[in-house]
Structure formats: structure tokens, C-alpha cells
Amino acid sequence: MYFNWKKSTNTEELKIVCNLIKNGEIVIFPTETVYGIGANAYDEEAVGKIFMAKGRSLDNPLIVHIADKKTIYEIATDITTVEQKLIDHFMPGPFTLVLDKTDKIPTIVSAGLKTVAVRMPDNVIARGIITFSGVPIVAPSANISGRPSGTSVEDIRKELEGKVSAIVDGGETEIGLESTVVRVVNEVPHILRPR
Ligand code: AMP
Ligand code: MG
């Protein structure tokens, strides 16, 4: 299925997309950084489909996308003062914070690590899909692993059409680069992936 939301989000189609996510399917949608392939972060089987579609190595952990800061406390624990300040200051935005994970996050998401990477996108379509799906969504870039990240649907369709249940077209992404990934160690933020 292809949905054109370049001008505005279609409420009926939003329901279809969110039902696909709830039913364990994978869907491509835009964020302000690059396009992502999304799946319910709590559904191991659904997350497995992303690794298959991308040809992604299972030892490469995924970023969990949220629409509401409350969700952070469901998926992460032992948040320190510095981590909380980073959350207050940089979320929503092109910023990913690695935190100690709770048991709600399956092993396949964290690639066996005790941590989880969390991001709150600043994009109406991404936020709408996460909110109405009612679950956090893992969303690595919409490309075959090793290729450039997808920033427009024309490129993405060539590479991934047929491997996902739906593609939501929101036009060119604003930023076009991946988020900065940060981990705090002993209250000092370290950049794990610069932008
Ligand atoms: P992407 O491929 O853009 O979805 O981003 C995933 C990247 O985020 C990984 O390749 C890591 O660089 C980083 N990442 C995700 N989860 C973690 C984690 N638990 N610890 C450290 N880095 C992580
Ligand atoms: Mg990528």
C-alpha cells in the first residue's frame, strides 16, 4: 500500500497504518531525520521482519521511537539527573539517548545489550503513527543495510517496495541525516554517533 500524506495526514489511512503496526506488520514512514521502517517495539516477530527486509545484522541494536516522554519511564530505568536534563532539552528532535532498559524491551531490539536507544521524533506524521499505534516503534532507516539512508520515497520504493506492508510518503525529510546518539557515563554525556 502507498499513502500520499505530502499535503496532510489522512485520518482514515492513519487508522490503516496503525492497525498494520498493531498487527505486527512493518511500515515505512518519514521522520525529520530520514525515513524509517517501523514496527511495534514490543513485538519480537514484527521487529524480526525489519532485520529481514533490511538485511541488517542482528548485533546492530535499534532505536525505539516514542511520541510522549512518559513512555521513556516504561522502557528505560535509573534515569540520572544529567540524562533527565538531556531529555528535557533535546527531545523531541534529532537526538537519541542510550539508557538502561527495562524488561519491556525485547532482546532483539537491544541486540542483547542491557541498554535501549530512545528518540522522540519531531515530525507530525511519525508522532501521529506512534501515538495512534499505542506502542513505541523501532524505526531504523529505510534502506538495505550498507546503502545510504532513504530521504525520499522515490529511492525507497526502488529498494524496499514489496518488502513492507505500507509506505507513507511525507515528501523529502527535513534534515536528511541520522540522529546524534548519546550515552551518559558517570554523569558525562558521550557522543556515540555524531551527525
Ligand atoms: P539506525 O541504524 O539509524 O537505526 O541507528 C541504530 C544505531 O543506534 C546503532 O547502529 C547504534 O549506533 C545506536 N544504538 C542503538 N541502540 C544502542 C544501544 N543500546 N547502545 C548503543 N548504541 C545504540
Ligand atoms: Mg541506517
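Whatever order the structure lists ligands and atoms in, that order sets their numbers, starting from 1.
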Item to check | Verdict with supporting geometry, Thr96 and Arg193, side-chain hydrogen bond (donor to acceptor under 3.5 Å, both in side chains) | outcome: CA-CA 9 Å; Thr96 298; Arg193 181 177 73 179; 5.1 Å; no
Next on the checklist: Just by distance, no angles: are the side chains of Glu178 and Ser149 close enough, under 3.5 Å, to form a donor-acceptor pair?
Outcome noted: yes
Item to check | Expected output: side-chain Arg56 to main-chain Pro61 donor-acceptor under 3.5 Å | outcome: yes
Checklist entry - Is there any N or O on Arg193 that sits under 3.5 Å from an N or O of ligand 1? => result yes
Item to check | Lys/Arg-Asp/Glu bridge criterion (N-O < 4.0 Å) met for Arg183, Asp100 | outcome: yes
Next on the checklist: Under a 3.5 Å cutoff, is there a donor and acceptor pairing between the side chains of Tyr42 and Glu74?
Outcome noted: yes
Next on the checklist: Using side-chain contact (heavy atoms from CB on, under 4.5 Å), reason through Asn10 and Phe3 one step at a time and then give a plain yes or no.
Outcome noted: CA-CA 9 Å; Asn10 177 304; Phe3 299 119; over 6 Å; no
Checklist entry - More than 12 heavy atoms of other residues, nucleotides or ligands under 6.0 Å from CZ of Phe132: is that the case? => result no
Next on the checklist: Here's one to test your reading of the geometry: is the NZ or CZ of Arg119 within 45 degrees of the ring axis of Phe95 and under 6.0 Å from its centre?
Outcome noted: no
Checklist entry - Just which atoms of ligand 1 are under 4.0 Å from any heavy atom in Pro140? => result 4 (O)
Checklist entry - For ligand 1, which atoms sit closer than 4.0 Å to a heavy atom of Leu113? => result 18 (C), 19 (N), 20 (N)
Checklist entry - So which of Leu192, Asn60, Ile63 gets nearest to atom 11 (C) of ligand 1, if we judge by its closest heavy atom? => result Asn60
Checklist entry - At under 4.0 Å between heavy atoms, which part of His65 makes contact with ligand 1: side chain, backbone, both or neither? => result neither
Next on the checklist: We want to know whether Thr173 and Glu32 form a side-chain donor-acceptor pair, criterion being a heavy-atom distance below 3.5 angstrom.
Outcome noted: no
Item to check | Greater than 12 external heavy atoms within 6.0 Å of Lys85's NZ | outcome: no
Next on the checklist: I'd like to verify the contacts: list protein N, O or S atoms under a distance of 2.8 Å from the Mg ion (ligand 2).
Outcome noted: Ser141 OG
Item to check | Arg56 near ligand 1 by a heavy-atom separation under 4.0 Å | outcome: yes
Item to check | Within reach of ligand 1, part of Thr115 (heavy-atom separation under 4.0 Å) | outcome: both
Checklist entry - Who gets closest to atom 14 (N) of ligand 1 by heavy atom: Ser145, Pro61, Ala139? => result Pro61
Checklist entry - If you count the atoms of ligand 1 from 1 in the order shown, which ones are under 4.0 Å from a heavy atom of Ala117? => result 15 (C), 16 (N), 17 (C)
